[in-house]
Colleague: 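Have a look at this one before I ask anything.
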Amino acid sequence: MKNIVVIYGGGSCEKDISVITALQAMESIDKTKYNVVPLFWKEGFYILDNYRDMGEYADKDNINGKRAIMDGKNLCVVKKNKLKLLCTVDCALLCTHGGNGENGALQGFLEVQGIPYTSPSHLASAIGMDKGIFKMICKKLTLPVLPYGVISEGEGAEAIERIVARLGFPIIVKPANQGSSIGIGIASDIAELNEKLNVAFYYDKKVVLEKALTDFKEINCACLTKNGVLYPSTPEEPVGWKEFLTFEDKYMSGGKATKASARRIFPAEISESDTAKIKSITAKIYQALGCKGIVRCDFLIENQTGAVYLNEINTIPGSLAGYLYEDRGISLKEVLNIVIDDAIKQDGDRKVASYSSKVLQYYSKNKANACKLSIKNV
């Protein structure tokens, strides 16, 4: 059996949702194929004594469990100030939302350790996390995005005025590197915009201002890959928002996290052409960023014009977006099989280049020259 470490938690504003996603995944994962090791991340990695107890995560101060250390592919626990090997990790199933768990930092760490993992690469994750850079990439790929501007903390009123003159009101204000609608607000005039900017800058040093639609549908579409073939999901329409889907809408009122049918229309009630367009765009951005694992793209359809806009990409979506394949008879259990198998296969196919140089050998034989070593044109 393969040892699968499920990493969840982290220091982001979405850490609580990460716990929900991880518990769902660990409940559904194929226990006949995988030995599951829950690895809770809170200023370090821990193996909790009772990871199924939600109360363990509500306690902000104490952690009831053993400290864990990754030494390459070896996962060890700290016992009496000594490291004890727990297992050799075959793959990490990432259930981390936001922050360093989704922005490429954790992915880079796992690459250094030599551990396959189930989300897009560190680069694709970083691009997907930064809303400003993601929209810039989409424009280069001629994918439809709403008019937007980016402003950094400390920029003056003139920079804001230039963006407002180009976008017009209403404007939606988004911290560039947050998810789950955290810190997002809508402004209808300059006074409101300054207020919403203050909130957004609390969460991030960079903020995206975007032309806000007033009459629209939100549509979600996932994508995963199996044996090199892309499989975009059937689109869904989450419902229950006012101007935008809030954190509470998503996770505390029967939204996606609980898959309550009253909070979503699945399949989405959109035209065949819009369905095809959304699936095509989802597959295109997945391929362009070199994604792996399962991602979810969020779209907006303006009701009056019928225009379709790509809003953002979630490289580690809530509940791992497994619910978007239910209409095909594919359970979350099978989705997890696909993304784990694909992560291990892609890691095995990764090219590791090496180049034999005689530079150090030369200087080791010429110690006098080594003392005068000067590296140029590097």
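Sequence positions, counted from 1, serve as the residue numbers for this chain.
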Colleague: Is atom NZ of Lys2 surrounded by more than 12 heavy atoms (other residues, nucleotides or ligands) closer than 6.0 Å?
Modeller: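 No, because the 6.0 Å sphere around NZ of Lys2 holds 12 heavy atoms or fewer from other groups.
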Colleague: So if you build clusters from Ile, Leu, Val, Met, Phe, Trp, Tyr with side-chain heavy-atom gaps below 4.5 Å, do Ile281 and Val295 land together?
Modeller: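 Yes, Ile281 connects to Val295 through the hydrophobic network.
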Colleague: Please check this pair: side chain of Asp204 against backbone of Val207, looking for a donor-acceptor N/O pair closer than 3.5 Å.
Modeller: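 No: the side chain of Asp204 does not pair with the backbone of Val207.
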Colleague: Would you check if Glu326 and Tyr323 make a side-chain contact, meaning some heavy-atom pair closer than 4.5 Å?
Modeller: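 A side-chain contact exists here, since the closest heavy-atom pair is under 4.5 Å.
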Colleague: Any carboxylate oxygen within less than 4.0 angstrom of a Lys/Arg side-chain nitrogen, looking at Glu269 and Lys217?
Modeller: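 So Glu269 does not pair with Lys217 through a salt bridge.
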Colleague: Can Asp215 and Gln304 be said to form a side chain to side chain donor-acceptor pair (under 3.5 Å), step by step?
Modeller: CA-CA 7 Å; Asp215 183 22; Gln304 185 174 1; over 6 Å; no
Colleague: To the nearest 0.5 Å, what is the distance between CD1 (Ile285) and SG (Cys138)?
Modeller: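 The CD1 atom of Ile285 sits 4.0 Å away from the SG atom of Cys138.
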Colleague: Might you work through the side-chain contact (heavy atoms from CB on, under 4.5 Å) test for Glu111 and Ser121, ending with a clear yes or no?
Modeller: CA-CA 9 Å; Glu111 288 172 19; Ser121 71; 4.2 Å; yes
Colleague: Within the distance-only criterion (no hydrogens, no angle test), does the side chain of Asn3 pair as donor or acceptor with the backbone N or O of Thr88 below 3.5 angstrom?
Modeller: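 Yes; at least one donor-acceptor contact below 3.5 Å.
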Colleague: Examine distances only and state if a side-chain atom of Arg166 and a backbone atom of Pro147 form a donor-acceptor pair shorter than 3.5 Å.
Modeller: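 Looks like no, no N/O pair under 3.5 Å.
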Colleague: Looking at Cys95, is its backbone amide N or carbonyl O close enough to the side chain of Ser18 to form a donor-acceptor pair, meaning the two atoms are under 3.5 Å apart?
Modeller: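 Judged by distance alone, yes, a pair lies under 3.5 Å.
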Colleague: Look at the side chain of Ser125 and the backbone N and O of Gly104, then say whether any donor-acceptor pair between them is shorter than 3.5 Å.
Modeller: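 Not confirmed, Ser125 side chain does not pair with Gly104 backbone.
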Colleague: If you round to the nearest 0.5 Å, how far is CD1 of Ile313 from OH of Tyr286?
Modeller: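 Rounded to the nearest 0.5 Å, the OH-CD1 separation comes to 9.0 Å.
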Colleague: Is it true that a side-chain atom of Glu102 and a backbone atom of Gly99 form a donor plus acceptor pair closer than 3.5 Å?
Modeller: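 No, Glu102 side chain to Gly99 backbone: no donor-acceptor pair under 3.5 Å.
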Colleague: Would you call Glu153 and Lys206 a salt bridge, taking side-chain N to carboxylate O under 4.0 Å as the test?
Modeller: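 Salt bridge absent between Glu153 and Lys206.
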Colleague: Please check if the distance between the ring centroids of Tyr8 and Phe40 is under 6.0 Å.
Modeller: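 Centroid distance Tyr8-Phe40: below 6.0 Å, so yes.
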Colleague: Search all heavy atoms of Asn177 against all heavy atoms of Asp130 and return the closest pair with its distance.
Modeller: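 Taking every non-hydrogen atom into account, OD1-CA, 3.4 Å.
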Colleague: Which heavy-atom pair separates Pro38 from Ile47 by the least distance, and what is that distance?
Modeller: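 Looking at all heavy atoms of both residues, the shortest contact is O-CG1, 3.7 Å.
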Colleague: Check Thr225 against Ile338 and note the closest heavy-atom contact, atom names and distance.
Modeller: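 That closest heavy-atom pairing would be O-CG2, 3.6 Å.
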Colleague: Report the C-alpha separation of Leu23 and Met54 in whole Å, then their side-chain angles, then the decisive distance to 0.1 Å, and conclude whether the side-chain contact (heavy atoms from CB on, under 4.5 Å) test is met.
Modeller: CA-CA 9 Å; Leu23 294 181; Met54 295 295 284; 3.2 Å; yes
Colleague: Applying side chain to side chain donor-acceptor pair (under 3.5 Å), name anything that partners Ser119, two or more places apart in sequence or on another chain.
Modeller: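 With neighbours one apart ignored, the set is Gln107.
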Colleague: Hey, does the Lys NZ or Arg CZ of Arg264 hover above the aromatic six-ring of Phe266, less than 6.0 Å from the centre and inside 45° of the axis?
Modeller: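 Arg264 over Phe266 ring: yes.
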Colleague: Please examine the side chains of Glu210 and Lys174, heavy atoms only from C-beta on, and report whether any two atoms are closer than 4.5 Å.
Modeller: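 With C-beta onward as the side chain, the pair touches.
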Colleague: I'd like to know if Ile115 and Val112 are part of one continuous hydrophobic network [Ile/Leu/Val/Met/Phe/Trp/Tyr, side-chain heavy atoms within less than 4.5 Å].
Modeller: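 No; Ile115 is not reachable from Val112 via cluster members.
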Colleague: Is Tyr57 reaching over with its side chain to a backbone N or O of Tyr51, donor-acceptor style, under 3.5 angstrom?
Modeller: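 Yes, the answer is positive, given that a donor and an acceptor are paired below the 3.5 Å cut-off.
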Colleague: Would you tell me whether Asp298 and Asn311 have side-chain atoms, one donor and one acceptor, within less than 3.5 Å of each other?
Modeller: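 There is no such pair between these side chains.
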Colleague: Strictly distance-based, threshold 3.5 Å: is any side-chain N or O of Asn74 a donor or acceptor partner for the main-chain N or O of Met70?
Modeller: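 No, the answer is negative, given that no donor and acceptor are paired below the 3.5 Å cut-off.
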Colleague: Run Tyr325 and Glu334 through side chain to side chain donor-acceptor pair (under 3.5 Å) and show every step you take.
Modeller: CA-CA 10 Å; Tyr325 288 90; Glu334 181 57 25; over 6 Å; no
Colleague: Of all heavy-atom pairs between Ala159 and Ile151, which one has the smallest distance, and what is that distance?
Modeller: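 So the minimum-distance heavy-atom pair works out to CB-CD1, 4.1 Å.
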Colleague: Kindly indicate whether the side chain of Ile278, heavy atoms from C-beta on, has any atom under 4.5 Å from the side chain of Ile270.
Modeller: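 Yes; the side chains approach each other to less than 4.5 Å.
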Colleague: Does the side chain of Ile160 reach to within under 4.5 Å of the side chain of Leu193, using non-hydrogen atoms?
Modeller: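 With C-beta onward as the side chain, the pair touches.
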Colleague: Nearest 0.5 angstrom please: Leu289 CG to Thr315 OG1, how far?
Modeller: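 These two atoms lie 9.5 Å from each other.
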Colleague: Would you call Ile184 and Pro175 a side-chain contact if the rule is heavy atoms closer than 4.5 Å?
Modeller: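 They are in contact (side-chain heavy atoms under 4.5 Å apart), so the answer is yes.
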Colleague: Show, in sequence, the C-alpha distance, side-chain angles and deciding distance for Asn100 and Leu106, and conclude whether the side-chain contact (heavy atoms from CB on, under 4.5 Å) test is met.
Modeller: CA-CA 6 Å; Asn100 288 336; Leu106 177 60; 5.7 Å; no
Colleague: Show the nearest heavy-atom pair for residues Cys87 and Val37, with the distance to one decimal.
Modeller: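 Closest approach of Cys87 to Val37, heavy atoms only: SG-CG2, 4.1 Å.
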Colleague: Under 3.5 Å, sequence neighbours excluded: what are the donor-acceptor pairs made by side chains of residues 339-347?
Modeller:
from   : atom 1 : to     : atom 2 : distance (Å)
Asp341 : OD1    : Tyr34  : OH     : 3.4
Asp341 : OD2    : Lys33  : NZ     : 3.4
Asp342 : OD2    : Gln346 : NE2    : 2.8
Lys345 : NZ     : Asp349 : OD2    : 2.9
Asp347 : OD1    : Arg350 : NH2    : 3.4

Colleague: Taking the side chain as every heavy atom from C-beta outward, state whether Lys333 and Ile29 have any pair of such atoms under 4.5 Å apart.
Modeller: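 No, too far: nothing below the 4.5 Å cut-off.
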Colleague: Enter the distance from Lys211:NZ to Tyr309:OH here, rounded to the nearest 0.5 Å.
Modeller: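 So the gap between those two atoms works out to 10.0 Å.
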Colleague: May I have the step-by-step check of side-chain contact (heavy atoms from CB on, under 4.5 Å) for Lys131 and Tyr148, ending in yes or no?
Modeller: CA-CA 10 Å; Lys131 294 178 177 65; Tyr148 73 98; over 6 Å; no
Colleague: Measuring only between side-chain heavy atoms, which start at C-beta, is Met26 closer than 4.5 Å to Arg52?
Modeller: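 A side-chain contact under 4.5 Å is absent here.
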Colleague: Take atom CD in Glu155; do more than 12 heavy atoms of anything else shown fall under 6.0 Å from it?
Modeller: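 More than 12 within 6.0 Å, yes.
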Colleague: State yes or no: do Phe45 and Val19 share one hydrophobic cluster built from I, L, V, M, F, W and Y residues joined by side-chain heavy-atom distances below 4.5 Å, directly or via other members?
Modeller: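 Both belong to a single hydrophobic cluster.
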Colleague: Examine the side chains of Asn220 and Glu236 and answer whether a donor and an acceptor come within less than 3.5 Å of each other.
Modeller: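 Judged by distance alone, the side chains do pair up.
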Colleague: Under 4.5 Å between side-chain heavy atoms, counting indirect links through other Ile/Leu/Val/Met/Phe/Trp/Tyr residues: same cluster for Leu167 and Leu197 or not?
Modeller: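 Same hydrophobic cluster.
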Colleague: Are Lys66 and Val78 packed together at the side-chain level, in the sense that at least one heavy-atom pair is separated by less than 4.5 angstrom?
Modeller: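 Lys66 does not reach Val78 side chain to side chain.
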Colleague: Can you name the nearest heavy-atom pair linking Leu141 to Ala288, along with the distance?
Modeller: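 Shortest heavy-atom contact: CD1-CB, 3.6 Å.
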Colleague: How long is the gap from OG1 on Thr234 to NZ on Lys279, to the nearest 0.5 Å?
Modeller: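 Thr234 atom OG1 to Lys279 atom NZ measures 5.5 Å (nearest 0.5 Å).
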Colleague: To the closest 0.5 Å, what do you measure between CG (Leu310) and NZ (Lys277)?
Modeller: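 One finds 12.5 Å between CG of Leu310 and NZ of Lys277.
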Colleague: Donor-acceptor check, side chain of His97 to backbone of Ile316, threshold 3.5 angstrom: yes or no?
Modeller: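 Yes.
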Colleague: Going hydrophobic residue to hydrophobic residue with side-chain gaps under 4.5 angstrom, can you get from Phe299 over to Ile294?
Modeller: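 Result: no, two separate clusters.
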Colleague: So, Thr305 side chain and Ala307 main chain: donor-acceptor pair closer than 3.5 Å or not?
Modeller: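 Side chain of Thr305 to backbone of Ala307: a pair is present.
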